[in-house]
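Being a predicted model, the structure only gives us computed values, none of them experimental.
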Amino acid sequence: MKVIELTGWQLEQITVGERAALAPPGPGELLVAMRAATVNYRDFVFARGGYGRESGALPIIPLSDGAGIVAATGPGVTRAKPGDLVCPIVMPQWLDGPMRDEHRRATLGGSVDGVMAEQMKLRQESAVKAPQGYSAVQAATLPCAALTAWNALAGVRPGDLVVTQGTGGVSLFALQFAHAMGATVIVTSSSDAKLTRARALGARHAINYRSQPEWAAALRSLTGRGADLVIELGGAQSLAQSIRAVRTGGTVALIGVLSGAKAEIELGRVVTRGLRLQAITLGSRDDFEAMVQFIDRHRVKPVIDDHRFAFAETRDAIAAIAEGKHFGKLAIEF
């Protein structure tokens, strides 16, 4: 079968390869014909060796987010049937509860082979059925970006003020989910054109952080108060503004480090105002299924960039996410 392989720690060493066809599924297993994948910024970091000792052995199949059709099932399978559209979960052993060390040891497209293969064999408990009416490309947006946004919004109530940064996959899912929860959403970006599109998705306010670098003050001027929750995706260059933007007792959900992984934190402001800094990484299989139920109930549709990549263009898709020109998820169709 055809696969995409990373044979060295640089983008230029992402190539189309061949591996042996998979054997029929055994007890409790699914054989899935993969149909689509999407790219996360972590895939760009990974391809350049950015995860160090947490990376798997080369050659390795990249990307963590995909979807496919169940082609066959092994004995004892009850969670899916042939013809179902399913998503592999990114950490196949994280079924419920909080993340533990053993979950992180097996991460698709990281420590173990990812989704860029014509077929995958999965344990039935490590796959989740796609939302009703979703295409394979739409379903492939969910395992990392959507689930991370979903868990960052835990506890959001109607009337809360939520800020999300940028217009990539996590941010736009956070916008859509928070809007569906009844929250007021503010989006920051350096592009006025992208901010206009974010408004169409439900953002109440939009702030260009390039023309208004002190965007926390702009937020308070617009709303008259601090945010209940800030979805922090920028990292080093945006964390200080996020801390200033959140209300006393509010939360900054730390997800991305796009502008750098080392930041100076105003500890006095954090302590005296009782702020909560909460790191968010993915979620469990049970979290994923709860999110799918929410998506079905509120008919949330993922935002996918207009340009679609072919299987052999995986290297270009990974490179494109670092350029930051996309709006929503970057998708690969098999």
Side-chain angles (χ1 to χ4, degrees), residues 38 40-42 64-65 87 89-91 94 96-99 103-104 107 128 141-189 198 201-204 207 215-216 219 226-236 238-239 241-247 249-259 261 263 265 270 275-295 297-298 300 302-303 328-329:
T38 61
N40 298 293
Y41 192 78
R42 70 179 291 274
S64 61
D65 286 17
C87 299
I89 61 174
V90 179
M91 294 185 184
W94 189 6
D96 55 27
M99 182 172 62
H103 300 149
R104 297 175 62 249
T107 302
V128 172
T141 67
L142 301 178
C144 181
L147 186 56
T148 298
W150 171 256
N151 280 320
L153 294 167
V156 167
R157 297 173 296 180
D160 279 357
L161 180 61
V162 175
V163 178
T164 188
Q165 299 172 351
T167 53
V170 174
S171 185
L172 293 183
F173 272 118
L175 189 169
Q176 292 176 283
F177 289 157
H179 180 64
M181 293 171 180
T184 298
V185 185
I186 296 179
V187 175
T188 68
S189 172
L201 292 169
R204 177 76 60 83
I207 301 173
W215 58 263
L219 178 148
D228 298 285
L229 172 68
V230 176
I231 307 296
E232 168 58 52
L233 294 159
S238 58
L239 182 56
Q241 286 295 309
S242 294
I243 289 172
R244 294 174 185 177
V246 74
R247 66 165 172 81
T251 299
V252 176
L254 299 167
I255 296 171
V257 292
L258 299 179
S259 65
I265 299 176
V270 172
L275 304 185
R276 182 178 185 224
L277 303 182
Q278 175 65 58
I280 303 292
T281 299
L282 301 169
S284 69
R285 191 273 317 276
D286 285 359
D287 294 328
F288 198 149
E289 292 184 332
M291 179 186 70
V292 168
Q293 292 177 5
F294 181 90
I295 288 171
R297 189 162 61 250
H298 294 276
V300 177
V303 180
K329 294 290 292 180

Measure from the side-chain N and O atoms of [X] to the backbone N and O of [Y], and report whether any donor-acceptor pair falls under 3.5 Å.
X      : Y      : value
Thr107 : Arg104 : yes
Asp228 : Gly250 : no
Thr164 : Leu175 : no

Work out which heavy atom in [X] is nearest to a heavy atom in [Y]; give both atom names and the distance.
X      : Y      : answer
Gly166 : Val187 : O-CG1, 3.7 Å
Ser284 : Trp94  : CB-NE1, 3.3 Å
Val156 : Ala183 : CG1-CB, 3.9 Å
Ser242 : Val230 : OG-CG1, 3.5 Å
Leu229 : Ala152 : CD2-O, 3.5 Å
Cys87  : Pro143 : CB-CG, 4.0 Å

Find the distance between [atom1] ([X]) and [atom2] ([Y]) and round it off to the nearest 0.5 Å.
X      : Y      : atom1 : atom2 : answer
Thr148 : Asp287 : OG1   : CG    : 10.5 Å
Arg204 : His179 : CZ    : NE2   : 9.0 Å
Thr281 : Met99  : OG1   : CE    : 4.5 Å
Leu277 : Ile243 : CG    : CD1   : 5.5 Å
Glu232 : Thr251 : CD    : OG1   : 13.0 Å
Ile255 : Ile280 : CD1   : CD1   : 6.0 Å

If you draw a 6.0 Å radius around CZ in Arg157, do more than 12 non-hydrogen atoms from other residues or ligands fall strictly inside?
->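 No, because the 6.0 Å sphere around CZ of Arg157 holds 12 heavy atoms or fewer from other groups.
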
Counting C-beta onward and ignoring hydrogens, is there a side-chain heavy-atom pair between [X] and [Y] closer than 4.5 Å?
X      : Y      : value
Val90  : Leu147 : no
Ile295 : Met291 : yes
Leu282 : Cys144 : yes
Leu254 : Leu239 : yes
Ser238 : Gln165 : yes

Could you walk me through whether Gln241 and Thr188 pass the side chain to side chain donor-acceptor pair (under 3.5 Å) test, one step at a time?
-> CA-CA 11 Å; Gln241 286 295 309; Thr188 68; over 6 Å; no

Scan Phe294, Phe288, Phe173 and name whichever one has a side chain to side chain contact (heavy atoms under 4.5 Å, CB included) with Trp150.
->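 Of Phe294, Phe288, Phe173, side chain to side chain contact (heavy atoms under 4.5 Å, CB included) with Trp150 is met by Phe294 alone.
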
Assess whether side chain to side chain contact (heavy atoms under 4.5 Å, CB included) is satisfied between Gln176 and Val303, documenting all intermediate values.
-> CA-CA 9 Å; Gln176 292 176 283; Val303 180; 3.8 Å; yes

Hey, mind stepping through Val252 and Leu275 against side chain to side chain contact (heavy atoms under 4.5 Å, CB included) and telling me if it holds?
-> CA-CA 8 Å; Val252 176; Leu275 304 185; 5.5 Å; no

salt_bridge(Arg285, Asp96) N-O dist < 4.0 Å =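 Answer for the salt bridge query: no.
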
